[in-house]
Amino acid sequence: MISRRRRITVVLWSAVLLVTLSGFIALFALLLSDQRHQDWVQAEVAANNLGVSVQREILQTFHGADQALMSVRELLRVDPNFRFDPQKRRAFLGGSGSEVGIGEIHILDARGELKLSSETSPRLRTNFANEAFFFTQERSRQDLLFTAKTVGVSPLKEPAVILSRRLTDATGKFSGVAVFSLRLSSFMPLFSSLELGNKGAISLYGTDGTLLLRAPEIPGTVGANYVASDIFWKLATAEKSFVAPSAIDGVERLFNVGRVAVLPLIVTVGLSVEEIYAGWLRLASMTAVSFLALAACVVFLSVMLAREFQFRRKSEMRYRRLAHIDELTGLFNRRRFDICLDEAFSNAQAGARPLSVIMIDVDRFKLFNDFYGHQKGDECLRAIAQTIRDRLDRETDTVARYGGEEMAIILPDTDASLADVIAEDVRRAIEELAIEHARSSLGRVTASFGVATFEPTGHDGPQNADALVAAADEALYGAKRSGRNRVISRFVVASGIPALRPADEAARLICVERVLKALTPTVRQSLDGISQMASQALGTGIAVVTIVDSQEQRFVGRFGIELESTARDMAICSHALASSETMVVLDAAKDVRFAGNELVKGERGFRFYAGAPLTEAVSGAKIGTLCIVDTVPHSAFSREQQNLLAGFASMAMDQIQACLTAMPEDGPQKRMAAG
């Protein structure tokens with residue numbers, strides 16, 4: 001009887017196992033088929049995205065070259081004696097002492113003779129009157145950008161796209177041509193940085209079939225013409241992705257092709273078919289192995305279950321120890337903080353009592369860890385945790401490690417004003433620990449604080465525990481963005497966060513006073529011109545040169561704005577004084593520092609801002625900025641644009657510095673009378 005039951009059990013188990021395995025086989029076959037299709041679709045999307053990205057980068061460089069061309073043209077109108085020096089060359093063309101940049105700018109007179117060039121080496125050819133770009137602009141009566149329909153050769157004997165714009169004199173008569181020779185080899189770092197797999201390739205062809213760039217490079221291929229190959233005609237006419245063997249190395253690839261707008265260029269991205277399916281083949285192999293291992297897994301199931309039970313028992317013991325206490329600092333952990341906050345909020349609502357939360361973040365703690373090591377970082381956090389505990393007097397107050405270098409305090413029966421006092425007391429105590437921090441501007445460890453309060457009689461504040469923490473966290477974010485080592489409350493965030501005064505404010509104001517006394521009408525007019533050039537080069541409607549004194553932000557150079565000054569507390573430039581780099585605000589309406597700022601409000605309010613600081617050479621003081629402003633937000637402001645703005649700021653500071661240099665000899669009153 002027992003034997004029969006065993007046989008029945010074995011048969012039933014075998015049947016169940018067979019059905020189960022059959023189901024798994026069908027399921028995995030379906031999944032593998034779908035995965036193969038998905039891998040192919042993802043490869044097509046990836047190739048298309050890469051192609052579009054490269055085309056966009058080439059077009060952006062093309063438009064940047066045109067902006068540089070127009071900027072140089074405007075500079076020549078303002079200053080006929082303009083010449084390229086290394087700094088201006090970097091501002092317009094990029095590059096450095098060891099890099100040649102994206103191309104060269106040449107200025108031709110009405111006869112086609114070369115009269116100005118950004119090249120540092122002498123040219124053998126000086127007349128270009130027989131070039132298509134010259135006589136096209138000569139015959140044109142409109143200010144149009146002319147782009148050659150074929151790829152030319154740069155003065156460095158490299159493939160280049162030639163851009164040109166017409167020059168006119170004061171009467172509108174043709175006076176020459178401004179030419180930009182855009183080097184195609186400048187895109188090679190972009191091509192080399194793309195992840196295309198071991199057998200993938202990206203190529204740049206001219207519309208005449210010449211291979212201009214390829215990554216990875218194959219000796220002897222760049223410069224060759226493939227117009228007679230079958231694949232080039234597919235590349236030239238393709239409207240969607242296709243598979244074909246490469247004419248260069250014979251590798252079968254999935255090709256995505258795109259024409260670069262008005263330029264005589266074709267970008268092709270090729271992904272190896274073998275590599276596209278490599279992951280799927282591995283998955284199929286692993287699936288087969290998995291089926292073989294499935295039976296063995298059943299044998300070891302009991303052992304694995306026993307180990308799992310043992311692991312769970314150990315984990316439960318460990319979780320009991322760590323349920324409430326942070327091991328590093330000895331403070332409550334995040335879980336305990338959430339529990340305490342929910343209880344405190346319920347009690348505050350029931351008793352109609354205020355409740356405050358303070359969020360604390362150690363300033364530049366990652367830099368501290370990187371410089372001094374994690375052991376010193378742990379010691380720093382323990383010291384700060386102990387300091388916070390020592391400054392809290394009531395047993396009802398709760399302090400917890402919220403995560404990483406962030407800590408939090410719960411203050412029952414504490415209104416907003418008292419919470420600010422407590423936060424400031426803790427901030428000062430942390431600063432007085434005087435823990436050395438070489439990577440901080442103050443030279444010691446500091447912390448930023450965000451404060452939020454639940455008021456039972458109010459209706460516009462946080463109405464639940466999560467909202468209270470979110471409000472405190474937003475205030476903390478405002479403290480970090482506006483200078484660090486300060487206490488910011490939710491009410492300050494609602495009305496805007498004033499900028500911290502620079503540490504060298506007294507010396508800076510002395511320098512500002514000297515500058516304002518030294519400026520002449522002629523210099524102010526020159527600064528107006530630089531503002532106009534910056535506005536046109538970077539595509540905004542407003543650009544100003546600002547000097548920030550103790551009360552006001554004064555516009556000593558301006559374009560596109562009638563204001564002569566604004567209050568310092570409202571000025572975005574006052575936030576830029578603390579940095580040596582360009583300050584960029586893509587959308588001021590979404591930045592907590594400028595909430596409630598009258599300059600930002602309304603349809604005509606300032607939304608985009610970028611300001612490069614003006615640094616006095618002798619004292620190193622930041623006296624103001626050269627900034628560009630727009631009434632619409634921007635999605636990005638590239639490093640190249642920042643460098644260009646810094647170049648214009650350097651030109652403005654040169655004008656101001658010249659006044660300061662001359663001031664001791666002539667005196668400000670004499671110079672103003674002469675002006």
Side-chain angles (χ1 to χ4, degrees), residues 67-68 70-72 74-79 81-92 508 511-549 552-561 563-566 571-577 579-584 609-630 637 640-663 668 671 675:
Q67 289 290 337
M70 290 192 293
S71 298
V72 170
E74 291 301 318
L75 284 171
L76 285 171
R77 289 178 181 174
V78 176
D79 180 10
N81 297 320
F82 170 82
R83 291 296 181 269
F84 286 97
D85 57 29
Q87 183 180 29
K88 292 171 183 174
R89 192 182 192 284
R90 286 195 298 271
F92 288 110
R508 194 191 71 81
C511 184
V512 166
E513 184 178 359
R514 289 184 65 241
V515 169
L516 292 176
K517 288 181 178 179
L519 289 179
T520 65
T522 301
V523 173
R524 289 176 180 264
Q525 185 177 7
S526 178
L527 295 178
D528 289 343
I530 293 174
S531 299
Q532 181 177 2
M533 287 187 290
S535 172
Q536 293 174 344
L538 293 165
T540 63
I542 300 173
V544 292
V545 178
T546 71
I547 303 295
V548 182
D549 63 17
E552 290 185 316
Q553 170 186 249
R554 304 191 185 190
F555 301 151
V556 297
R558 53 184 173 165
F559 176 75
I561 187 171
L563 291 175
E564 295 184 357
S565 65
T566 61
I572 300 178
C573 289
S574 61
H575 291 266
L577 297 179
S579 175
S580 59
E581 298 181 351
T582 300
M583 174 181 168
V584 178
Y609 170 92
L614 303 177
T615 305
E616 201 276 323
V618 177
S619 65
K622 308 294 186 303
I623 62 172
T625 68
L626 189 154
C627 62
I628 55 173
V629 181
D630 212 338
F637 194 68
E640 290 76 11
Q641 291 173 304
Q642 294 181 40
N643 291 338
L644 181 58
L645 181 61
F648 284 118
S650 177
M651 295 169 59
M653 195 61 220
D654 287 344
Q655 297 289 325
I656 296 172
Q657 200 72 48
C659 291
L660 292 176
T661 303
M663 184 177 179
R671 289 200 314 278

Quick one: closest heavy-atom pair of [X] and [Y], and the distance?
{"X": "Leu645", "Y": "Ala610", "value": "CD2-O, 3.5 Å"}
{"X": "Gly620", "Y": "Thr615", "value": "O-CG2, 3.6 Å"}
{"X": "Ala537", "Y": "Leu644", "value": "CB-CD2, 4.1 Å"}
{"X": "Pro613", "Y": "Glu581", "value": "CD-O, 3.5 Å"}
{"X": "Ala652", "Y": "Val545", "value": "CB-CG2, 4.3 Å"}
{"X": "Leu626", "Y": "Ala534", "value": "CD2-CB, 3.9 Å"}

Glu616-Ser619 side chain donor-acceptor pair, cut-off 3.5 Å: yes

Side chain proximity check, [X] to [Y], heavy atoms < 4.5 angstrom:
{"X": "Thr522", "Y": "Thr520", "value": "yes"}
{"X": "Ile561", "Y": "Val544", "value": "yes"}
{"X": "Phe555", "Y": "Ser531", "value": "no"}
{"X": "Thr546", "Y": "Cys627", "value": "yes"}
{"X": "Arg558", "Y": "Asp528", "value": "yes"}
{"X": "Gln553", "Y": "Ile572", "value": "no"}
{"X": "Met70", "Y": "Gln536", "value": "no"}
{"X": "Val515", "Y": "Leu660", "value": "yes"}

Of Leu538, Leu75, Val72, the residue whose pairing with Met533 passes side-chain contact (heavy atoms from CB on, under 4.5 Å):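 Result: among Leu538, Leu75, Val72, Leu75 is the only option passing the side-chain contact (heavy atoms from CB on, under 4.5 Å) with Met533.
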
Check ion pair Arg554-Asp549 (N to O, under 4.0 angstrom):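 Salt bridge between Arg554 and Asp549, a charged N being under 4.0 Å from a carboxylate O: yes.
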
Spacing of [atom1] belonging to [X] relative to [atom2] belonging to [Y], to within rounding of 0.5 Å:
{"X": "Leu614", "Y": "Ile547", "atom1": "CG", "atom2": "CD1", "value": "6.0 Å"}
{"X": "Phe559", "Y": "Ile530", "atom1": "CZ", "atom2": "CD1", "value": "14.0 Å"}
{"X": "Lys622", "Y": "Ser574", "atom1": "NZ", "atom2": "OG", "value": "15.0 Å"}
{"X": "Ile623", "Y": "Arg514", "atom1": "CD1", "atom2": "CZ", "value": "10.0 Å"}
{"X": "Gln67", "Y": "Glu640", "atom1": "CD", "atom2": "CD", "value": "13.5 Å"}
{"X": "Ile628", "Y": "Gln641", "atom1": "CD1", "atom2": "CD", "value": "7.5 Å"}

Candidate pair Ile542 and Asp630, rule side chain to side chain contact (heavy atoms under 4.5 Å, CB included), full reasoning: CA-CA 6 Å; Ile542 300 173; Asp630 212 338; over 6 Å; no

Whether Thr661 side chain and Gln657 backbone form a donor-acceptor pair below 3.5 Å: yes

